Amino acid sequence: MFGPVFLGFLIIQWPQSLRSCQMFSSQEMSCWNLSLSAVPTELHPRLSRLDLSNNLIGELGVVSLGLLETLDISHNQLHVIQEGAFSKLTKLHTLNLARNFLYRNVIDNSQAFHFLYTLKTLDISFNGLEDRDVEHYLSNTSSLEHLTLAGNVLTRLTRKLFTASRHLRSINVENNLISEIQKETFDTLKGLTRLNLAGNNLVSICDFNLYHIKKLNLSRNFIEFFITPENEELYELEILDLSHNKLIFFPMVPKRNHLKYLNLQNNKIGDFENNISPLNANSLYRQMNLNVFETESNNGMYSYLKRMPLTDLDLSYNKFTSFPLKAFKYFPSLKSLNLSNNCLMNISDTESEVEQGEGHPQQKVFPSLRSLDLQDNQIQHLSPGFFHTLPNMEELVLKKNFVRICSPGVQPDTSGSIRDGGPSSTQCTSFRGHRNLRHLDLQENGIKVLFPHTFELTPLASLDLSGNEEMTVVREALYGLQNTLRFLSFRSNRMSNSELSLPCFNSLKKLDVADNTLDVLPRTLACSPLRELDLRNNSFTHLEETVIKNLSLHLNTIYISGNSFNCCTAGWLKVLRAVNMTIPDLHSAKCFIRLNQSVSEEFFTNQSNQCPLYVNTEVGGTDLVNLMLIIIITVIFLIVVALFVKRFVLDKSSQVTFRSNKVASCQYCYDDQCSATVAKISSFETVK
Ligand SMILES: *[C@@H]1O[C@H](CO)[C@@H](O)[C@H](O)[C@H]1NC(C)=O
Ligand SMILES: *[C@@H]1O[C@H](CO)[C@@H](O)[C@H](O)[C@H]1NC(C)=O
Ligand SMILES: *[C@@H]1O[C@H](CO)[C@@H](O)[C@H](O)[C@H]1NC(C)=O
Ligand SMILES: *[C@@H]1O[C@H](CO)[C@@H](O)[C@H](O)[C@H]1NC(C)=O
Ligand SMILES: *[C@@H]1O[C@H](CO)[C@@H](O)[C@H](O)[C@H]1NC(C)=O
Ligand SMILES: *[C@@H]1O[C@H](CO)[C@@H](O)[C@H](O)[C@H]1NC(C)=O
Ligand SMILES: *[C@@H]1O[C@H](CO)[C@@H](O)[C@H](O)[C@H]1NC(C)=O
Ligand SMILES: *[C@@H]1O[C@H](CO)[C@@H](O)[C@H](O)[C@H]1NC(C)=O
Ligand SMILES: *[C@@H]1O[C@H](CO)[C@@H](O)[C@H](O)[C@H]1NC(C)=O
Ligand SMILES: *[C@@H]1O[C@H](CO)[C@@H](O)[C@H](O)[C@H]1NC(C)=O
């Protein structure tokens with residue numbers, strides 16, 4: 001009897017704002033972004049998760065939720081926390097206080113933190129905290145395992161900072177102003193495996209001794225060198241990110257490690273002639289010569305690299321001018337190497353190695369490498385030993401280089417000796433017979449001609465030849481790829497039909513010929529199970545319906561905008577629409593109509609039927625003959641009619657009317673056939 005009355009009473013008593021909080025289950029509630037200025041008072045005592053983020057809460061009183069495990073008050077205006085605020089939260093393990101004003105009232109607020117005995121995860125990033133502030137807040141958080149301090153204003157990490165939190169497993173101090181890390185700061189943290197120091201002001205790591213760290217992020221500092229003391233200690237390190245620093249030399253990683261992923265992107269490795277730091281670098285690396293990997297004297301220093309299980313190495317955006325093939329011996333497990341955006345002229349055997357070889361130099365083979373990115377260098381050719389040395393390479397990116405492809409007569413010797421080849425053979429690169437290569441990117445290399453059988457016996461699945469302006473693809477250039485090629489791009493090559501000869505590709509799924517001057521679809525496309533076709537920015541006036549019909553069996557998506565289609569011969573579009581083809585740019589595709597001498601354009605989507613001579617709807621390219629027949633028959637018919645009219649019916653004035661009618665009925669046509677009709681009619685009329 002009292003039940004319903006009581007319930008009604010409860011609802012009325014709920015604070016206005018709480019009604020918009022969402023219950024996800026009896027234990028989870030979200031009051032996200034409700035402009036709350038205080039923690040709602042009537043909260044279910046059984047809540048285990050409470051989200052109060054993105055509100056206007058400035059002060060936090062005692063929260064009486066004994067079962068609460070996760071509390072999120074991030075993105076508020078918190079600056080006052082009562083001493084007992086967390087005292088009842090005996091089950092709390094995750095607390096997010098990011099993006100508040102915890103730099104205010106630090107001494108008082110930190111009293112509340114003394115009650116967080118059970119807390120495992122704490123986020124106090126973006127709170128304007130200085131070194132001392134953090135020390136206060138962390139003075140009794142002994143159970144803490146994961147700590148995030150990102151985006152504060154810490155300048156150094158000290159021994160005192162983490163002494164209370166011996167169980168820390170991950171620390172994130174990204175984007176602070178840290179320029180100093182005191183010795184022994186991490187010594188007590190035996191369980192620490194992840195440390196993120198990215199975006200600070202560190203200039204060197206001189207004595208790396210964090211044996212237990214698995215993942216270390218030092219990206220975006222000002223680090224000039226990274227040195228591990230020489231010892232036999234086993235380091236757990238698996239992932240090291242030193243990208244966006246100022247390293248001049250390859251980092252001296254631990255002798256014994258588990259390093260799999262090493263990111264050195266955006267440093268200054270490779271160039272030792274300029275900008276050598278006046279610091280200790282000279283004495284530390286005094287034996288260094290021009291290239292890290294080139295001189296024998298470095299062998300000792302880098303020999304321990306050979307023991308690394310490294311699989312991923314990113315050296316992009318550095319200063320390498322050459323990269324000798326023998327350098328791969330330092331990375332016996334490497335699967336992926338990124339050397340993009342360096343100053344490489346070639347990847348070659350060094351002369352010294354050939355000399356050592358005595359007659360038949362022993363060509364080393366590095367079978368682990370699968371992917372090599374050489375984008376944006378100045379490579380003109382890859383030495384003959386290149387493919388031989390890296391026999392299992394599947395992906396090769398040569399975008400934006402100056403690679404010359406060998407013409408049919410010239411095959412550089414692939415036996416491994418580079419002495420035999422004359423100058424012409426060493427200045428070009430052959431892509432024939434590389435049986436493991438699957439993905440080849442030759443964009444923007446200034447390639448002018450693709451000779452016959454360029455890729456024979458190289459079973460490529462994807463080939464990108466875009467941005468090679470005015471390239472000619474001669475007959476049979478792509479022979480050998482018929483059964484394997486799945487992706488092909490000729491985008492932005494300024495090619496016309498006569499310059500593009502394609503065989504019948506049995507597996508081609510995606511073809512990009514955008515940005516050329518094509519006006520006819522290659523008929524061989526009909527053999528391919530294409531799923532995506534990009535024809536944008538070409539010179540097509542129509543697409544051949546027979547080809548389109550065959551393609552529509554497999555095609556999902558076609559791009560057509562930027563062409564000069566004839567509105568009156570757009571039967572192909574009907575075919576595409578009938579099968580519900582996805583034409584993402586149909587709204588911006590235009591077609592043209594000739595009115596007298598002027599040409600007007602309209603959007604396909606908006607097309608009014610202005611094409612009276614719409615014969616072409618049914619006419620495909622194969623029916624050109626039929627079309628001519630129709631025209632001829634029409635013309636003969638008109639002549640007969642006109643003669644008949646002239647002789648039996650009309651005087652001169654009505655003949656004028658007749659003439660303008662005929663012209664009007666043809667005037668919307670644009671293609672050659674239609675103008676031919678118009679021309680025939682007008683010539684008939686002048687004949688009289
Ligand atoms: C938060 O709520 C306000 C209205 O109270 C709304 O304008 C704003 O878009 C919301 N923010 C987000 C990220 O949804
Ligand atoms: C620190 O935490 C312990 C329990 O881990 C507690 O006994 C002690 O009182 C706390 N210290 C302060 C100053 O609150
Ligand atoms: C290191 O931190 C940077 C900056 O936050 C981030 O972009 C990068 O992905 C991190 N690296 C790794 C390996 O997680
Ligand atoms: C190589 O690095 C460049 C630039 O850092 C990047 O754009 C590219 O995707 C990378 N290549 C691979 C294969 O990861
Ligand atoms: C490779 O490039 C260097 C310049 O970086 C040049 O001196 C050397 O002759 C080139 N090697 C070959 C085989 O072309
Ligand atoms: C087509 O040409 C337009 C205008 O020149 C250009 O903005 C657009 O990026 C081009 N699209 C493609 C796919 O080449
Ligand atoms: C197009 O499809 C038809 C019917 O499936 C087939 O007979 C014809 O050979 C195909 N054309 C080409 C060029 O494959
Ligand atoms: C195309 O879509 C329309 C409506 O969405 C549908 O009625 C028709 O069956 C579809 N046709 C084909 C060939 O999928
Ligand atoms: C087409 O020609 C006729 C007669 O010569 C003229 O009256 C009409 O304005 C022209 N139309 C256009 C769009 O130029
Ligand atoms: C479609 O045609 C109407 C009139 O026929 C015109 O007002 C409108 O601007 C056209 N829309 C587009 C996108 O051209």
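Keep in mind that this is a model prediction, so the values were computed, not measured. Atoms within a ligand are numbered from 1 in the order they appear, just like the ligands themselves.
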Taking atom 2 (O) of ligand 4 as the reference point, the nearest protein heavy atom with its distance:
N338 ND2, 2.3 Å
If you measure every N/O of S219 against every N/O of ligand 3, is any gap under 3.5 Å?
no
Would you mind checking which non-hydrogen protein atom is closest to atom 13 (C) of ligand 1, with the distance to 0.1 Å?
W32 CH2, 3.7 Å
Using a strict 4.0 Å cut-off to heavy atoms of S340, name the atoms of ligand 4 that fall inside it.
1 (C), 2 (O), 3 (C), 4 (C)
Kindly confirm or rule out an N or O of K215 lying under 3.5 angstrom from an N or O of ligand 3.
yes
Near S316, which atoms of ligand 4 are under 4.0 Å from a heavy atom of that residue?
2 (O), 4 (C), 5 (O)
Is there at least one protein heavy-atom neighbour under 4.0 Å from atom 4 (C) of ligand 1?
no
Just checking K510: does its NZ atom have more than 12 heavy atoms from other residues, nucleotides or ligands closer to it than 6.0 angstrom?
no
Answer yes or no: are there more than 12 heavy-atom neighbours, outside R404 itself, under 6.0 Å from its atom CZ?
yes
Atom 9 (O) of ligand 4: the protein heavy-atom neighbour that sits closest, reported with distance to 0.1 Å:
D373 OD2, 4.5 Å
If you count every heavy atom of other residues, nucleotides or ligands that lies below 6.0 Å from R49 atom CZ, does the total exceed 12?
no
Going by the atom numbers of ligand 3, which of them fall below 4.0 Å from some non-hydrogen atom of E174?
4 (C), 5 (O)
Measuring to protein heavy atoms, does anything land under 4.0 Å from atom 7 (O) of ligand 4?
no
Tell me the protein heavy atom at minimum distance from atom 11 (N) of ligand 3, and give that distance in Å.
D241 OD2, 2.7 Å
Per-residue contact class, Q265 against ligand 4 - non-hydrogen pairs under 4.0 Å
side chain
Over 12 foreign heavy atoms within 6.0 Å of CZ, F208:
yes
Please write down residue, atom name and distance for the protein heavy atom closest to atom 10 (C) of ligand 1.
N33 ND2, 2.4 Å
Tell me which part of R220 gets within contact of ligand 3: side chain, backbone, both or neither, using heavy atoms under 4.0 Å.
neither
Between the side chains of E238 and K260, is the shortest nitrogen-to-carboxylate-oxygen separation below 4.0 Å, so that they form an ion pair?
no
Parallel, tilted or perpendicular: rings of F328 and F366 (30°, 60°):
tilted
Between R491 and D512, is the closest basic N to carboxylate O distance under 4.0 Å?
yes
Going by heavy-atom distance to atom 12 (C) of ligand 3, choose the closest among L216, L197, N175, N217.
N217
Of all the atoms in ligand 4, which lie at a distance below 4.0 Å from a heavy atom belonging to Y317?
4 (C), 5 (O)
Value for CG (N209) from CG (N231), rounded to nearest 0.5 Å, stands at 9.0 Å
How are the rings of H79 and F101 set to each other: parallel, tilted or perpendicular (split at 30° and 60°)?
tilted
Ion pair present between E394 and R438, side-chain N to carboxylate O less than 4.0 angstrom?
no
